[in-house]
Amino acid sequence: MPESPGSAAGEDSGRGLPKNFEPASFEGRWYAVWEAEGRFQPEGPPGSPRFVMVIPPPNVTGKLHIGHAYGRTVEDILARWKRMSGLRVLWVPGTDHAGIATQMVMERQLAKQGIDRRDLGREKFIERVWAWKAEAKDTIQSQMKRLGCSLDWTRERFTLDSDLSRAVRHAFVRLYEEGLIYRGRYVVNWCPRCETAVSDLEVIHRETEGALYKIRYDVTGVAGGAMVATTRPETMLGDTALAIHPDDPRTSRLKGRTAMLPIAGREIPVIEDAILVNREFGTGIVKVTPAHDANDFATGQRHGLPSVVVIGPDGKMTTAAGEYAGLDRFDARKQIVARLTEENRLTSEPYRNSVGHCQRCDTVIEPYLSTQWFVKIAPLAEPAIRAVRTGDIRFVPESWSKTYFSWMENIHDWCISRQLWWGHRIPAFTCPNGHVTVSEQDPPSCPTCGAAPLEQDPDVLDTWFSSQLWPFSVFGWPEETRDLADFYPTDVLVTGYDILFFWVARMIMAGLHFTGRAPFSTVHLHGLVRIGGEKMSKTRGNVIDPLEAISEFGADAVRFTLASAASSGATVSVERNRMTGSRGFATKLWNAARFTLAQLDGGPAAEILAGRSLSLADRWILSRLSATSTAVNGHLEEFRFDEAAGAIYAFVWHDLCDGYLEMVKPVLRDAGDRDRETARGVLRRCLLDSLALLHPFMPFITEEIWDKATGRPGTLIVAPFPKGEAAAGDAAAEMTIGAMREILTRIRNFRGERGVSPTEPVALWIAPDSPDEPLATSLRDVEPLLRQLGRAASISFEAPPDSAAKDVVAGVSIGMQVEKPAAVKSADRVEKDLAAIDDEITGLSAKLRNPSYVEKAPAAVVEKTRRRLVELEERRAALSADMP
RNA sequence: GGGGGGUUAGCUCAGCGGUAGAGCUCCUGUUUUACAAGCAGGUGGUCGCAGGUUCGAUCCCUGCACCCCCCACCA
């Protein structure tokens, strides 16, 4: 056992809780204790009920941003809640090599030193990334530790670890052998800046103001030639045909003709193609550029057209572009437009269309003909769709399944090869005779012809190809490890909806295909974090750095804020002043604990003694505590972290601190030993259960207080989570104390209205409507409380006299002795109240006079309306009697 | 082009058939020995607009307006 981290200095009463709440003084220590004690590792025999999550691995070179902090907080709440609920919890940490993103950042770093990666060479470059990765990983790790994440660091993984790389190779080879991975020459999305292919998902489409150009091509034997429309005139240099619809009379004159490509002076055929050409659109004539448009490429395949690449991988025109060779594609566009305009061949009009941009660097994506590797996805998608349809996998919120289906049902093959250096090298080897071998082990010679040496494909795999294996590769798959048997499939996956397609869908496909099982049963997709309703961005200056926030407010406050901000919508709105509020809540708890511990000090107060008679206040707070515990569990089951946090907040602050603590003060001070002991037992129970309920949200402060309260340092993390007991529910106590609190509020109200100081003792009248009601007797039971909290000089359980300020609250007529002249001061207020009451009475009366209402509305509702009306009439009587 | 979400108090958001809630802000009072980072009280809302269903609509339906997001081979 480690030593209790309790500080020896600066204590006051309250068994060692310092007066000032300083989260930094204990957060780090408790994390170290938990880790040293192995609390983050699953405890219990294999096969016993467990709860498993894998972290969405953050980019190894990244920094924890507020969105990560949110997701990790949610996961940690689940992990701690399940752990305390008695499950064997495993939450696996790790990081992602994030190929294109990491390579980009590294290139930028090198550029600052004036180094181009190509000068460095592949090996040296990768060495540098590894070196940098080592320190960056520690950053991420320490950030998650500061947040308090109960991750099992002994199982930490990195997507480029040797065993995970083995998993990637195994997956690739298997898909290849099953015919689900193929290599081919197609038009892909190409980023000329990154100089790599990217998948469809990595292309961000943005509506752009551009132009639609119409170019006239001369056609032999056809006067006026052919007008074709394009948004990318520079691609015309790569045209190898014009296409028309076979049944379009507008263009039938072009059938079988030959057109002359302007500028290039090349002859191209006019072809007929019903698939490519939309009869409704434009001139009905389409230029066909197989090398620079996916549709055109398909058309070219159908008609056996040649492909002419005129824009190179660097975005510059190729030699095939003739005199434009070497020009940037956009410069070429300008010059070509100018030239065609000069030749009287071109007109243009403003045009809005959607232009693809690189997700990473925002460069305009170029469709580009190249040889790439693809995953044939439809066969994988089919079972993945079924898994969600049948409920094997559940989305929370459920509405995401619709988005999932619509994407999965229209899914396209996945281009997985990247012309990058940082990543998993594609396990394909080519021999000098051109035979391609795909193999898990590097083959020493060509299995087909025996030739050597073999050359490995220089490309790497899309990062998501390895990420999709994450839920099982972290456990050692394809080896049949103990962890894989014990912890796969996982239970819950928590991630932002922005990677539903990139990651979640692919994990489902991969999990089902490779392991035959869904990788998780529940996917909680959360919104993206916004600051004060605005999208977070550096230019707005509204970025909240979680580490700075932790330093300023404490990790517990940051976590509580994030949990409270959780919502089922697409955004999670976080504001700085919520952080302040959460810190205030932590302080509140701290001080309540100081008070409680001071009361417990010097007495055993071990537990609530069986058979002891509890006061109404005791019964009330225990009832609230139980109801809160039940509610919290329910909300957590439903991933409603905001509701769960809110329920505990309301209990601790408003019920326990504002309510019960004030109610027990007189008991602790004045009552006999027996009642005092009972109250102490209840106090202790409330404190400990509050700490337990709050622990998943605020692990540090709760563990700190728990230590002082129990002398069992570092054990709250494995203490039982309160479930709430039906037996503790106490409607009678809740009714009485509820009524009492309403009465007290109204008395304080009177004081304000009548200018009576809050502390001046006054005479009170409290008269329940009917002497038979339970309230009539139970309110007498809380007379000492009413007297104390209401600052009453006297309490009479009779109808108030005319001279008193009067009202009806919770079915109870109450009155407070006032000086008559002071009533004038509040006349406006009373008048206003009366007007509102009259309005409501009118409305309710009309309702009750409506026969169909009385007939059709549920009896309980009608009854409620009647009671409300009665009470209002009583209130009106009480208030109007009070008018001067 | 298709789909999804949003519009509730000055701000950020809950609620989603029985005439509205939280936190922050604001105003007033209060240094009551756990906490002034507190306590007590209060102000503030025709729940985007128009119809419909219903005894009853912020909540369900239809349409409209504005905002956000996603998907789409929109020459």
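Only heavy atoms go into these numbers, but all of them, side chains included; no hydrogens, no water, no symmetry mates. Owing to the predicted nature of the structure, the values given are computational and were not obtained by experimental measurement. A note on names: the letters A, B, ... follow the listed sequences, proteins ahead of strands, and every chain is numbered from 1.
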For A:Leu844 and A:Val203, find the nucleotide of RNA chain B closest to each by heavy atoms; which residue's nucleotide sits nearer the 5' end?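 On the 5' side of the pair lies A:Leu844.
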
Residue closer to the 5' end of RNA chain B, A:Arg279 versus A:Lys856 (nearest nucleotide): A:Lys856

[atom1]-based separation of [M] from [N] [nearest Å]:
N: B:rC27; M: B:rU19; atom1: C1'; answer: 27 Å
N: B:rU54; M: B:rG21; atom1: C1'; answer: 25 Å
N: B:rA14; M: B:rG23; atom1: P; answer: 16 Å
N: B:rG3; M: B:rG63; atom1: P; answer: 12 Å
N: B:rC55; M: B:rC13; atom1: C1'; answer: 33 Å
N: B:rG5; M: B:rC35; atom1: C1'; answer: 42 Å
N: B:rC16; M: B:rC61; atom1: C1'; answer: 15 Å
N: B:rC24; M: B:rC67; atom1: C1'; answer: 24 Å

Using a heavy-atom cut-off of 4.0 Å across all strands, would you classify [X] as base, sugar-phosphate, or nothing?
X: A:Phe501; answer: sugar-phosphate
X: A:Pro851; answer: nothing
X: A:Lys402; answer: sugar-phosphate
X: A:Ser567; answer: sugar-phosphate
X: A:Gly284; answer: base
X: A:Gly843; answer: base
X: A:His654; answer: sugar-phosphate
X: A:Ile285; answer: base

Provide the Watson-Crick or G-U wobble partner of [N], both distances under 3.5 Å; none if there is no partner.
N: B:rA22; result: B:rU12
N: B:rC66; result: B:rG6
N: B:rC59; result: none
N: B:rG44; result: none

Which whole-number value in Å describes the distance from [X] [atom1] to [N] [atom2]?
X: A:Arg206; N: B:rC70; atom1: CZ; atom2: C1'; value: 15 Å
X: A:Leu848; N: B:rG18; atom1: CG; atom2: C1'; value: 12 Å
X: A:Asn353; N: B:rC74; atom1: CG; atom2: C1'; value: 7 Å
X: A:Leu276; N: B:rC74; atom1: CG; atom2: P; value: 11 Å
X: A:Leu785; N: B:rU32; atom1: CG; atom2: P; value: 21 Å
X: A:Arg333; N: B:rA75; atom1: CZ; atom2: C1'; value: 13 Å
X: A:Glu207; N: B:rC69; atom1: CD; atom2: P; value: 13 Å
X: A:Gln788; N: B:rU32; atom1: CD; atom2: C1'; value: 10 Å

Return the nearest nucleotide to the side chain of [X]; candidates are [options].
X: A:Asn278; options: B:rG23, B:rC74, B:rA75; value: B:rA75
X: A:Arg578; options: B:rC74, B:rC55, B:rG23; value: B:rG23
X: A:Glu643; options: B:rG15, B:rC74, B:rG18; value: B:rG15

Could you encode protein contacts along nucleotides 34-42 of chain B as a string, one character per nucleotide from 5' to 3', using B for base contact, S for sugar-phosphate-only contact and - for no contact, with a heavy-atom cut-off of under 4.0 Å? BB-BSSSSS

Could you run through nucleotides 56-62 of chain B and give me one letter per nucleotide, 5' to 3': B if any protein heavy atom sits under 4.0 Å from the base, S if only the sugar-phosphate is that close, - if neither? -------

Any residue in residues 403-415 of chain A with a heavy atom nearer than 4.0 angstrom to RNA chain B? Just list them by number, or reply none. A:His412

List in chain and number order the residues that pass salt bridge (charged side-chain N to carboxylate O under 4.0 Å, His left out) with [X], two or more places apart in sequence or in another chain; answer none if no residue qualifies.
X: A:Arg868; result: A:Glu840
X: A:Asp293; result: A:Arg232
X: A:Asp838; result: A:Arg876

Quick one: is A:Lys287 getting a side-chain N or O under 4.0 Å of the B:rA75 phosphate, OP1 or OP2?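 No, because none of the side-chain N or O atoms of A:Lys287 sits under 4.0 Å from OP1 or OP2 of B:rA75.
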
Parallel, tilted or perpendicular: which one describes the rings of [X] and [Y], with boundaries at 30° and 60°?
X: A:Phe641; Y: A:Phe639; result: perpendicular
X: A:Tyr497; Y: A:Trp400; result: parallel
X: A:Tyr186; Y: A:Phe297; result: perpendicular
X: A:Phe501; Y: A:Trp407; result: parallel

Answer yes or no: side-chain N or O of A:Asn295 and base N or O of B:rC73 forming a donor-acceptor pair under 3.5 Å.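 In this structure, the two groups form a donor-acceptor pair.
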
Dump the intermediate steps for side-chain hydrogen bond (donor to acceptor under 3.5 Å, both in side chains) on A:Asp200 and A:His412, then the final yes or no. CA-CA 8 Å; A:Asp200 294 347; A:His412 289 30; 5.3 Å; no

Here's a test for you: under ring pair (Phe, Tyr, Trp, His ring centres under 6.0 Å), which of A:Phe651, A:Phe560, A:Phe697 qualifies with A:Phe585?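 Only one of A:Phe651, A:Phe560, A:Phe697 forms a ring pair (Phe, Tyr, Trp, His ring centres under 6.0 Å) with A:Phe585, namely A:Phe560.
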
Would you check if there is a donor-acceptor pair between the side chains of A:Thr596 and A:Gln599 at a distance under 3.5 Å?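 No donor-acceptor contact under 3.5 Å links the two side chains.
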
Does one side chain, of A:Arg302 or A:Thr299, offer a donor that lies under 3.5 Å from an acceptor on the other?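 The answer is yes; a qualifying pair exists.
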
Give, for atom CD1 of A:Ile215 and atom CG of A:Asp239, the distance between the pair rounded to the nearest 0.5 Å. 8.0 Å

How far does CE of A:Met236 sit from OG1 of A:Thr230, to the nearest 0.5 angstrom? 9.5 Å

Evaluate the side-chain hydrogen bond (donor to acceptor under 3.5 Å, both in side chains) criterion for residues A:Thr759 and A:Ser757: first the C-alpha distance (whole Å), next the side-chain angles of each, then the deciding distance (0.1 Å), finally the verdict. CA-CA 5 Å; A:Thr759 50; A:Ser757 112; 3.1 Å; yes

Taking A:Leu242 as the fixed residue, which of A:Val288, A:Leu254, A:Ile271, A:Ile268 is the one that meets the side chain to side chain contact (heavy atoms under 4.5 Å, CB included) rule?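 The option that passes is A:Ile268.
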
